[in-house]
Amino acid sequence: MDGDNNSKGNNNIVLKLSITALLMFGFGFALVPLYDVFCEVTGINGKTDNERYQGKAFEKDITRQIKVQFIARNNDAMPWFFNPIEKTLTVNPGESILTYFHAKNPTLDRMVAQAIPSVSPGRAANYFHKTACFCFEQQPLDGLDSIKMPLIFVVDPDLPKDIKTITLAYTLYDITDKAAVEVKITKLSQSSINDSYLTRRD
Amino acid sequence: MAGPDKGFSRWLLATNHKDIGILYLWFSFAMFLLGGSFAMVIRAELFQPGLQLVDPNFFNQMTTMHGLVMVFGAIMPAFVGLANYMIPIMIGAPDMALPRMNNLSFWILPFAFAILASSLFMEGGAPNFGWTFYAPLSTTYAPPSVTFFIFGVHLMGISSIMGAINIVATIFNLRAPGMTLMKMPLFVWTWLITAFLLIAVMPVLAGAVTMMLMDIHFGTSFFSAAGGGDPVLFQHIFWFFGHPEVYIIILPAFGVVSEIIPTFSRKPLFGYASMVYATAAIAFLSFIVWAHHMFTVGMPLVGELYFMWATMLIAVPTAAKVFNWITTMFKGALTFETPMLFCIAFVFLFTLGGLTGLMLAIAPADMQYHDSYFVVAHFHYTMVAGAIFSISASVYYWLPKWTGRMYNETMGKVHFWIAFIGFNLTFFPQHFLGLAGMPRRIPDYSIQFADFNMISSIGAFTYGLAQLIFLFNIIRTIYFGEKTTEEQTWESARGLEWTLPSPLPFHTFERPPAIK
């Protein structure tokens with residue numbers, strides 16, 4: 001048997017297959033953005049843009065009306081009171097609408113919340129544009145405080161004709177812990193900067 | 001050439017493919033008994049409605065650990081062990097291509113499973129989120145031991161990937177002259193394709209648990225909607241691994257059955273080439289059907305339709321295989337030794353499991369079947385009657401060749417019939433339970449499910465007992481079995497392994513054999 005040839009061939013195969021395995025490990029992570037891109041392109045999963053809509057302005061389409069329903073709910077142990085001020089609106093596509101959601105923190109502690117929107121039917125997600133939304137940012141609220149949170153949206157006139165009702169559901173998450181961690185990290189790094197500054201001056 | 005070392009260092013420092021194969025096979029048997037004992041706890045609790053033996057959280061730990069240990073600890077290492085032992089012999093190679101890496105990939109496993117099993121004794125208990133470990137159950141709501149679980153999965157993944165690389169290198173580089181790809185035994189072919197599947201998807205699983213780790217400890221939000229992530233993303237990534245995984249488990253079983261059925265039918269395998277192409281087709285399709293596990297997450301209609309049709313397409317190559325096995329048996333001079341009995345049961349019961357798979361593939365019907373006992377029945381027909389039956393068959397088939405001693409045929413047949421009856425008693429009623437609406441992974445159930453559950457539990461204890469007979473028969477054979485030195489243990493067996501003496505010498509094919 002030709003030992004040299006074999007070990008060369010083995011090394012070659014091991015190298016190629018190890019690289020494949022590493023690439024597939026990367027592919028697992030690449031699935032995260034790919035999945036988002038796929039949902040965005042196809043408009044499935046009810047994922048809406050979580051950024052301010054900056055596209056073209058629309059002309060009001062007076063030939064049809066769309067019923068827009070609002071749902072507000074809390075995730076898990078979130079204790080806030082959270083509800084839409086108007087449960088249902090009837091709007092014309094292309095028309096810019098302002099509405100509010102109400103939130104109250106019934107606890108005595110300051111908390112931070114994040115609202116996550118979801119549109120159904122999923123096909124409507126790409127045609128529901130938000131020009132202002134409380135869901136774009138984290139919402140801190142002191143204990144026993146309440147707030148009226150604005151939403152400005154416009155329904156795209158290109159919305160498929162068979163969709164007559166759009167439901168926008170917000171789920172409110174308690175992210176106090178996560179927000180606190182971030183604050184702590186910035187504080188820590190700041191103090192370490194100061195420390196090193198002090199040491200150098202000494 | 002030197003013989004084996006004496007004592008424990010023979011096993012700890014093993015680089016001989018047969019020794020490593022033996023290690024893998026015994027390890028998988030130990031894990032099979034461990035996972036089986038978890039199943040006994042599950043079935044004992046479900047013997048009657050109400051909570052009798054264990055509390056619900058421990059019950060959930062049992063279902064989780066049963067699944068993990070059986071899939072990653074029992075079935076996969078058993079087939080890797082068979083591959084280590086048989087592939088070099090079947091292709092006329094002196095050993096595996098990378099013997100030292102082979103040693104490492106085995107010895108990682110006991111540590112991985114010690115870590116996983118130790119979580120049972122930790123505060124908060126073992127993982128309790130199901131073997132599919134869906135986020136956020138496995139992240140936000142997981143017991144603290146989840147980190148050990150993640151590390152265990154990483155280790156298993158590394159072991160599997162190294163094992164797979166070794167198998168591919170062996171098959172590509174060490175075939176005897178004249179052993180062309182299309183002359184390879186089907187067991188070698190199915191393992192070659194399985195190895196590629198492993199290399200492609202085990203890293204994706206590693207990625208999924210790494211993301212869990214980061215979500216739990218490093219403040220990322222891959223699977224947490226609050227931070228802009230998506231729990232459904234977890235299911236997509238998991239099943240991108242998970243569906244090829246079920247073929248990783250079943251393809252080597254196809255290979256084993258394709259070796260054994262021709263032997264006891266005294267005919268060559270019908271449709272060898274079509275078997276190879278069907279295996280490749282199944283492997284390819286396994287990558288594009290993953291979301292059929294997720295019909296109820298709220299996919300759009302086009303998604304449901306695509307995954308439904310693509311899944312049903314898998315029935316075509318699979319059916320080609322089943323017809324080939326049946327045609328091999330057709331008008332053959334059949335005898336029914338224990339390995340053949342297991343293989344015939346495999347063909348029959350695996351086909352039933354495939355048919356319920358087709359039922360589950362119908363998206364609108366799946367809305368009802370999803371997460372019910374129907375699913376449990378379905379995948380046990382494929383995993384137990386598919387993978388475990390074929391492993392049992394292969395042990396009986398090759399044990400005389402490995403040990404130079406014949407197993408007790410009567411005891412083998414008793415094992416088969418008790419296992420066959422016990423298996424069907426356990427899992428056939430679960431179809432009815434599922435259709436009637438009993439959900440899976442629950443420690444207590446509504447009173448109308450009581451009778452079928454009791455039958456199912458009795459069947460499970462019976463099946464468990466059968467495995468002890470199996471274990472006894474193997475040990476008895478090794479020490480007291482009737483000696484056989486025949487090269488050809490089975491009169492019509494084909495393949496290079498039957499040209500070698502029994503028991504197999506420590507080193508084989510140091511000179512490559514001539515292939516006709």
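Throughout, protein chains are lettered first and strands after them, A, B, ... in sequence-line order, and every chain is numbered starting at 1. These numbers were taken from a predicted model, which means no experiment stands behind them.
Taking both residues in full, the closest heavy atoms of N173(B) and G9(A) are given as ND2-C, 3.0 Å, listed atom of the first, atom of the second, then distance.
For the set P177(B), A206(B), S224(B), A225(B), the count of heavy-atom pairs under 4.5 angstrom toward chain A peaks at A225(B). Between chain A and the options T210(B), N166(B), T170(B), I165(B), heavy-atom pairs under 4.5 Å are most frequent for I165(B). Most heavy-atom pairs under 4.5 Å with chain B, from the set V14(A), D174(A), T20(A): that is V14(A).
For T171(A), no part lies under 4.5 angstrom from a heavy atom of chain B. For a residue to count as touching a neighbouring chain, one of its non-hydrogen atoms must lie under 4.5 Å from one of that chain's; by this rule L233(B) touches chain A with backbone and side chain alike. Only the side chain of Y141(B) comes within contact range of chain A, judged by heavy atoms closer than 4.5 Å. Both the backbone and the side chain of F29(A) come within contact range of chain B, judged by heavy atoms closer than 4.5 Å.
Remark: H236(B) NE2 to L34(A) CG distance equals 12.5 Å, nearest 0.5 Å. Between the CG atom in L31(A) and the CE atom in M211(B) there is a gap of 7.0 Å [rounded to 0.5 Å]. If you take CD1 on I116(A) and CG on D230(B), they are separated by 10.0 Å, rounding to the nearest 0.5 Å. Distance check: T140(B) OG1 to N75(A) CG gives 8.5 Å after rounding to the nearest 0.5 Å.
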*Between Y35(A) and V232(B), is a side-chain contact (heavy atoms from CB on, under 4.5 Å) present by the stated rule, with each step listed?*
CA-CA 10 Å; Y35(A) 174 78; V232(B) 178; 3.5 Å; yes

*Check step by step if side-chain contact (heavy atoms from CB on, under 4.5 Å) holds for M24(A) and F240(B).*
CA-CA 11 Å; M24(A) 287 310 292; F240(B) 185 84; 4.1 Å; yes

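Between V204(B) and F25(A) the shortest side-chain heavy-atom distance does not fall below 4.5 Å.
Listed by chain and residue number, nothing satisfies the ring pair (Phe, Tyr, Trp, His ring centres under 6.0 Å) test with F196(B) (two or more places apart in sequence, or in another chain).
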